[in-house]
Structure formats: C-alpha cells, structure tokens
> 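The structure's right below; bear with me while I get my questions together.
Each chain gets a letter, A, B and so on, in the order its sequence line appears, and its residues count up from 1.
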Protein chains: 2
Amino acid sequence: MRPSKRDELVEKALLVFYRHGFHATGMDKLVAETGISKTSMYKHFSAKEDLILAALTLRDKQFRRWLFRRMEQLGSTPRGQLIAMFDGLKEWFAQEGFQGCLFMKAAAEYQKFSDPIHMKSAGHKSILIGYFSDIAQRAGAVDPDSLARRLLLLKEGAIVAAQLGITKNPAMDAKAAAKILLADALGQ
Amino acid sequence: MRPSKRDELVEKALLVFYRHGFHATGMDKLVAETGISKTSMYKHFSAKEDLILAALTLRDKQFRRWLFRRMEQLGSTPRGQLIAMFDGLKEWFAQEGFQGCLFMKAAAEYQKFSDPIHMKSAGHKSILIGYFSDIAQRAGAVDPDSLARRLLLLKEGAIVAAQLGITKNPAMDAKAAAKILLADALGQ
DNA sequence: CCTTATATTAACTGATCAGTAGCTTTACTT
DNA sequence: AAGTAAAGCTACTGATCAGTTAATATAAGG
C-alpha cells in the first residue's frame with residue numbers, strides 16, 4: 001500500500017514502454033528491470049493493462065504540466081503562448097530520449113475505440129484541445145475551438161515528423177504555419 | 001517463385017498487420033489465415049521483417065497511387081490539387097476499416113532510425129513531401145518545399161486526429177487550415 | 001519408367017508471453 | 001515473545017513467439 005513504491009514502478013514502466021513499445025515489452029522484462037518480483041508486481045497491478053493505464057495517467061500529468069508551464073514561461077500574451085507551444089515542442093524533440101508521443105503509440109497498438117488504453121490516449125489529446133481553446137478565446141479568436149483544432153493538427157503533425165525524422169525542424173515549420181493561422185483567426 | 005502467390009501473401013499480411021499491429025501479429029496467425037504452411041512462408045520471406053518490409057512496400061505503392069490519382073481527379077489546378085488532398089483524406093477516414101497510417105504505426109513499433117522498417121516508413125513520407133513540393137512549385141509558391149512541409153504537418157495531424165477520434169472532422173479542419181496556408185504561400 | 005530438384009508438410013526447437021500457486025520473510029499488535 | 005496479516009520470493013502454468021528439421025508430395029528431364 002506504500003504509494004511511493006507503486007509510483008516508482010509506474011515511472012520505470014513508463015520509460016520502458018516509451019522506449020520499446022507496449023507489446024514488445026514483457027512483464028518479465030519490467031520485473032527484471034525494477035528488481036521487484038513478479039508476484040509483487042501483480043499485487044500492485046492486476047494485469048498488464050492496469051500498468052499501461054497507470055503509465056499513461058502519469059505521462060498525461062507529466063506532459064501537461066511541462067507543456068502548459070513552458071507555454072506560460074515563453075509567451076506573455078495568450079497569442080504568444082499558443083505560438084510558444086512550438087518552441088516548447090522544439091525543446092522536447094531535441095531531448096535525448098525523444099521517441100514521439102506515447103499516446104499516439106498507445107493508440108496505434110491498441111486500436112479499438114472501446115479499448116481503455118485507446119480511450120485514455122484520446123482523452124489526453126482532448127484535454128489539450130480544451131486548453132488551447134481557452135487560450136484562443138482569451139486571445140480573441142472568433143472561433144476558438146476551430147483554431148484549437150487546427151493548432152492541434154500542427155502539433156501532432158510535427159510530432160510525427162520529428163519521430164520519423166523526415167524533416168529537419170518540424171517544430172519551426174509548425175510554428176511558422178501557426179503564426180499564419182493565428183493571424184487569420186485573430187483578424188490581424 | 002510464382003510471383004502471384006507471394007503477392008497474395010503480402011496482401012493478406014498487409015491487412016492483418018494494419019488491423020492488429022506488427023508485434024501483436026504472430027507468424028503463426030498469418031500462416032493460419034493464409035492457409036499456407038510455415039515452411040512455405042519462410043521460403044518466400046526469410047524473416048518476419050522481410051514480410052513487414054514487403055507489406056510496407058505494397059502499401060506505399062497502393063497509397064500513393066490512390067492519393068495522387070484522387071488529387072488529380074478532384075483538383076483541376078495545382079493549388080486545387082493540394083486542397084483536394086484533404087477531400088481525399090476525408091474519404092479515406094470514412095472508409096470502414098480505417099485505422100490510421102500504417103507507416104506511422106510501423107515507425108512507432110520499430111523506433112530506431114537505423115531499423116529498416118523505420119527507414120522505409122520515413123521514406124514513404126519523404127516521397128509525399130517531394131510530390132507536394134512539385135505541385136507547390138507549379139502552383140507558384142515562393143518556397144515550395146516549405147509549403148510542402150506545412151501541408152504534410154496538416155495531413156499527418158489529421159490522420160492522428162482521425163485515428164484517435166478526438167475531433168469530428170479532422171480532414172475538413174486541415175483543409176480549412178491548408179487554404180489559409182496556401183493563400184499566404186501563393187501571395188493571394 | 002526412373003532420377004533429381006523443388007514445394008510443401010507436420011512436428012518440433014528454445015525463448016518468451018501474461019499470469020498464478022505455494023511457501024517464506026517481514027512488520028506490526030498484543 | 002507470540003500471533004497475525006501483509007508483502008515478498010521462487011518456481012511454475014499453458015499459450016504463443018520466431019524460426020528450423022526432417023520427411024513427404026510433386027514436378028520436370030533423361
């Protein structure tokens with residue numbers, strides 16, 4: 001029942017899932033890497049799916065905290081914050097262990113809409129849209145939801161491009177595009 | 001050595017990989033579904049990786065043929081063709097078995113840049129950028145490569161959004177954004 | 001008809017998959 | 001110190017993983 005131990009397991013699992021994928025990561029491997037025994041692992045998480053969901057929950061919290069804070073730090077106005085998101089993405093892409101978006105990968109491996117893992121992944125993205133929309137509204141957008149959806153497309157596209165390594169600087173491509181979309185949406 | 005038999009195997013494998021993922025699809029399952037024996041399968045493809053690469057090659061050809069033709073059919077001018085891409089995407093998203101982009105999923109499951117599967121997936125996207133760039137040039141864009149990269153971001157973002165089901169009509173969101181980007185890039 | 005090369009087969013390899021059974025250690029209560 | 005309950009462990013389950021072995025069916029060439 002010690003929460004810290006469980007959290008530690010989730011943290012480690014998150015890293016391994018991110019690095020190697022979900023199906024490719026066996027419970028045995030996780031058990032070996034965490035040093036815990038199999039039975040203890042299954043006392044904390046009744047099935048692999050539980051562990052995956054816990055890892056996604058942690059990542060959701062981590063990522064949102066990081067992104068939102070970075071947007072606030074780098075942008076002084078609502079419009080500036082939306083643009084600053086792409087500067088944040090650039091930093092993320094440059095990080096050593098960057099391997100794309102965990103939620104995308106989770107949804108790719110667990111494809112059914114009804115799958116809890118898929119739902120959790122979709123939920124994360126929906127929260128982001130809501131957040132973008134709030135800022136877009138404060139920025140004075142006529143249709144903040146629409147702008148938020150467009151910016152999300154750029155963000156997701158940039159992540160894909162970065163993960164595949166097909167363009168040199170997808171974050172800045174997205175940023176340039178975002179500026180144009182913002183100019184349109186904010187009527188200036 | 002009969003090519004038709006091999007092609008038949010690749011076609012079936014493509015479907016199963018697309019539906020269930022790569023790691024989640026065992027060779028035994030493919031063997032069972034195709035009716036062929038294990039040894040025959042391994043005579044055609046010396047390893048699972050070979051089969052995956054063959055499936056990606058087929059999909060690359062299939063998808064490009066379909067998309068490029070649809071763009072030509074739906075758009076009469078270079079600019080119109082670029083916009084028509086998103087109408088094509090909308091049709092694709094609405095197809096019954098749509099489950100996102102196979103190359104994205106392949107790259108998500110085989111993450112190392114040096115992995116042949118990852119390289120093949122990245123190659124597909126690179127070809128698309130080149131194609132978009134050619135059209136952008138004919139459309140009169142000042143920086144056709146830059147425009148092509150931006151449109152790719154929208155396309156990939158729309159695919160992710162459609163796969164996760166987070167927005168109602170990602171193709172049309174992307175189309176609206178593309179029109180704005182085109183207006184900017186074509187100076188009108 | 002007989003030989004030889006090619007396809008195809010079922011049955012197997014050791015490794016790994018997710019998950020469990022049964023026993024031992026630890027830690028807390030009295 | 002004795003009793004109790006939680007948490008730990010090793011060792012196992014049957015299923016499935018990718019890939020192979022050795023034997024059988026099929027075909028063409030002499």
> Can you find a donor-acceptor N/O pair under 3.5 angstrom joining the side chain of B:T39 to the base of C:dT8?
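Flag unset: no donor-acceptor pair detected.
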> Measure from CG on B:D28 to C1' on C:dC17 and round the result to the nearest Å.
13 Å
> For B:K29, report the nucleic acid contact type (base, sugar-phosphate, nothing); a contact means any heavy atom under 4.0 Å.
nothing
> Roughly how many Å is it from NE2 in B:H23 to P in D:dA18, rounded to a whole number?
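One finds 9 Å between P of D:dA18 and NE2 of B:H23, rounded.
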> Can a cation-pi geometry be assigned to A:K105 and A:Y18, taking NZ or CZ under 6.0 Å from the six-membered ring centre and within 45° of the ring axis?
yes
> Can you tell me if B:K48 touches the phosphate of D:dA18, counting only side-chain N or O atoms and a distance under 4.0 Å to OP1 or OP2?
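The answer is yes; a side-chain N or O of B:K48 sits under 4.0 Å from OP1 or OP2.
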> Specify whether B:F68 and B:Y131 have parallel, tilted or perpendicular ring planes, treating 30° as the upper limit for parallel and 60° as the lower limit for perpendicular.
parallel
> Let me know the distance between CD1 of B:I52 and C1' of D:dA18, rounded to the nearest Å.
11 Å
> Would you mind reading off the distance between B:K38 atom NZ and D:dA23 atom P, rounded to a whole angstrom?
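Going from B:K38 (NZ) to D:dA23 (P), I get 20 Å.
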> Return the value, rounded to whole Å, for the distance between atom CZ of B:F22 and atom P of D:dA18.
13 Å
> Do the side chains of B:L147 and B:L151 get nearer than 4.5 Å, heavy atoms only?
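In short, these two side chains touch, coming nearer than 4.5 Å.
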> Does B:S37 make a side-chain N or O approach to OP1 or OP2 of C:dT8 shorter than 4.0 Å?
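For C:dT8, OP1/OP2 do not have a side-chain N/O of B:S37 under 4.0 Å.
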> Output the rounded distance in Å from CG (A:L30) to C1' (C:dC17).
13 Å
> With nearest nucleotides of DNA chain D determined for A:S40 and B:S46 from heavy-atom distances, which residue corresponds to the more 5′ nucleotide?
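Taking each residue's closest nucleotide, the earlier one in sequence belongs to A:S40.
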> Nearest whole Å is fine: how far is D:dG8 C1' from A:H44 NE2?
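My rounded result for the distance is 10 Å.
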> Separation of A:K43 atom NZ from C:dT26 atom P, in whole Å?
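So the two atoms are 16 Å apart, to the nearest Å.
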> If the plane angle is over 60° it's perpendicular, under 30° parallel, otherwise tilted; pick one for A:F98 and A:W92.
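Ring orientation of A:F98 relative to A:W92: perpendicular.
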